[in-house]
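Some notes on the structure that comes next.
Only this structure's heavy atoms are used, side chains among them; waters, hydrogens and symmetry mates stay out.
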Amino acid sequence: MRKVLLVTVMVIVTAVMLTGQNLYKNFDYVTVQGRVLTRSGEPVVKCLVEIRTVSQGGGEVDVIGTGSRNVSNLEKAGWGRTDEKGFYSIKGIPSPGNYLVVVKGVKGFKKTQTPVSVGAGQSKVVTVNPLILDKYQEIDSKTRKLLKKSSKLLKKGDFDGAEKLLQEANTRNAGLSEVHVSLGNIYLKKKKYSMALSEFGKAFELGERNPALCMTSAKLAFSLKKFAESAEFADSFLESNPKDLIGLYVAGLSHFNMKQFKEAEPYFKKYATIKGAENHDVNFLYVYGMTENALEHYDAAASLLQKAYQAGWKANPSFLKTLANAYLKQNKKPEAKLILKELLDKFPEFDGRKLAKETYNSL
């Protein structure tokens, strides 16, 4: 049975007239390096690592999803073998370009692949996330029949029937990630969200790292307030989609809700950099500002929180006290006094009003 969650990638190909010229004449070249490990962390020695070309040229290129993509029609850009510690290094890869790093044919293990996007002007050495090999499991004929029947029922929308067959298949062989992915999707349809997350988590632990699965699981875990899990899923998603704004936001918010402000900050900072000068969502401005405030980066905190306030963040005493304090920490008395005046005018009663008034009068 094919895995349920697949990412469809559209590649736009530009025709290039080659009149005896070298295809890579206008490219720079980089070295791609990384490591191949088993799921248990052991190095995979002397295995063949291929780099297959998805697209080349241009500035930014889309990063394709991981999974079992057929690479037979993709040209080889380079290849090498791992050393005794599982490391490989492949020179002469044209830059810019979009590639798949592929490992296949290792006895006893499933094939695996991971995307790598090489940007123009990037470092001469590009390090890829480790490729993790999972043990290959034989599927007996009875289990294979159960999976085939469940797939047909899923297509017909018979979720109860498919679930029953999948549970039977899981009893026979609990190590099949596709079974857990299918069960997770069934529970999503039935709005049994905790059960869906549990099944997706089992598939994840068995080595399923499909970006769609990871992002769905990250959002699901976040909605269930399981922030440690949502951060883990979001991080896995970002490995193949490092510039995805939703992925960055979910990862940052997950750490923010766990009060892990040091961990949250890089995600928010990268989000802001990628989005550039566009108007940021008021919620983003608030959480990023509160993160900087918790880290005692008062200049950035005041700027972000002031923007949030101007963009419509609903004022409350705690927020206004935080903003005023951020200005005071920078000795920006006029700005602090203005915020304190709003605080005192808008809220006749709140904890700390006496101190706020004394501070206001002293400025």
Side-chain angles (χ1 to χ4, degrees), residues 5-14 27-28 30-34 51-67 69 77 93-101 113-131 204 209-222 227 230-256 260-285 287-289 291-292 300 304:
L5 295 174
L6 297 177
V7 176
T8 301
V9 181
M10 297 188 66
V11 181
I12 300 175
V13 181
T14 303
F27 286 89
D28 290 325
V30 300
T31 296
V32 175
Q33 64 182 22
I51 297 181
R52 298 272 183 157
T53 304
V54 176
S55 62
Q56 290 177 325
E60 293 296 328
V61 290
D62 293 331
V63 178
I64 69 171
T66 57
R69 174 171 177 155
I93 304 303
S95 170
N98 196 21
Y99 302 93
L100 272 182
V101 182
Q113 57 191 230
T114 192
V116 56
S117 178
V118 180
Q122 196 169 331
S123 169
K124 291 295 183 181
V125 178
V126 178
T127 301
V128 180
N129 292 311
L131 285 101
F204 186 83
R209 296 294 189 270
N210 185 287
L213 171 75
C214 292
M215 178 49 71
T216 298
S217 300
K219 292 178 179 178
L220 192 55
F222 189 89
F227 301 120
S230 63
E232 182 180 10
F233 286 123
D235 276 335
S236 184
F237 171 81
L238 288 167
E239 286 180 5
S240 55
N241 300 271
K243 294 182 179 180
D244 185 90
L245 292 175
I246 295 176
L248 291 167
Y249 199 16
V250 171
L253 279 175
S254 298
H255 287 292
F256 178 85
Q260 296 174 346
F261 303 111
K262 187 176 181 181
E263 290 78 8
E265 184 190 34
Y267 296 103
F268 293 147
K269 186 174 291 186
K270 189 171 184 179
Y271 179 103
T273 299
I274 292 171
K275 199 161 185 182
E278 296 180 32
N279 291 326
H280 291 295
D281 177 79
V282 64
N283 295 296
F284 171 76
L285 292 168
V287 295
Y288 190 9
T291 295
E292 295 292 8
L304 290 162

**Message:** Show, in sequence, the C-alpha distance, side-chain angles and deciding distance for Val128 and Thr114, and conclude whether the side-chain contact (heavy atoms from CB on, under 4.5 Å) test is met.
**Reply:** CA-CA 8 Å; Val128 180; Thr114 192; 3.5 Å; yes

Determine whether the side chains of [X] and [Y] contain a donor N or O and an acceptor N or O closer than 3.5 Å.
X	Y	result
Gln33	Thr127	yes
Asp235	Tyr267	yes
Gln260	His255	yes

**Asked** Applying the side chain to side chain contact (heavy atoms under 4.5 Å, CB included) test to Phe237, which of Leu213, Asp244, Thr216 qualifies?
**Response** Asp244

**Prompt:** Looking at Leu248, Thr291, Thr273, which hits side chain to side chain contact (heavy atoms under 4.5 Å, CB included) with Phe268?
**Reply:** Thr291

**Prompt:** Which residues pass the side chain to side chain contact (heavy atoms under 4.5 Å, CB included) test with Pro130, sequence neighbours left out?
**Reply:** Leu37, Ile132

**Request:** Go through Tyr249 and Asp281 one step at a time and tell me if the side-chain contact (heavy atoms from CB on, under 4.5 Å) criterion holds.
**Result:** CA-CA 11 Å; Tyr249 199 16; Asp281 177 79; 4.1 Å; yes

Could you report the tightest heavy-atom contact between [X] and [Y], atom names first, then the distance?
X	Y	value
Ala234	Ala251	CB-CB, 3.8 Å
Gly252	Ala264	O-CB, 3.5 Å
Glu232	Phe204	OE2-CE2, 3.5 Å
Ser95	Val30	CB-CG1, 3.9 Å
Ala77	Thr53	CB-OG1, 3.4 Å
Ala221	Ser230	CB-N, 3.6 Å

**Message:** Taking atom CD1 as the centre, does Ile246 end up with more than 12 heavy-atom neighbours from other residues, nucleotides or ligands that are less than 6.0 angstrom away?
**Reply:** no

Are [X] and [Y] close enough that some pair of their side-chain heavy atoms sits under 4.5 Å apart?
X	Y	answer
Tyr99	Pro115	no
Leu131	Val101	yes
Tyr288	Lys269	yes
Leu253	Phe227	no
Val118	Pro96	no
Ile51	Val32	yes

**Asked** Is Lys275 reaching over with its side chain to a backbone N or O of Leu245, donor-acceptor style, under 3.5 angstrom?
**Response** no

**Request:** Hey, could you give me the CG/NZ distance between Asp28 and Lys124, rounded to the nearest 0.5 Å?
**Result:** 4.0 Å

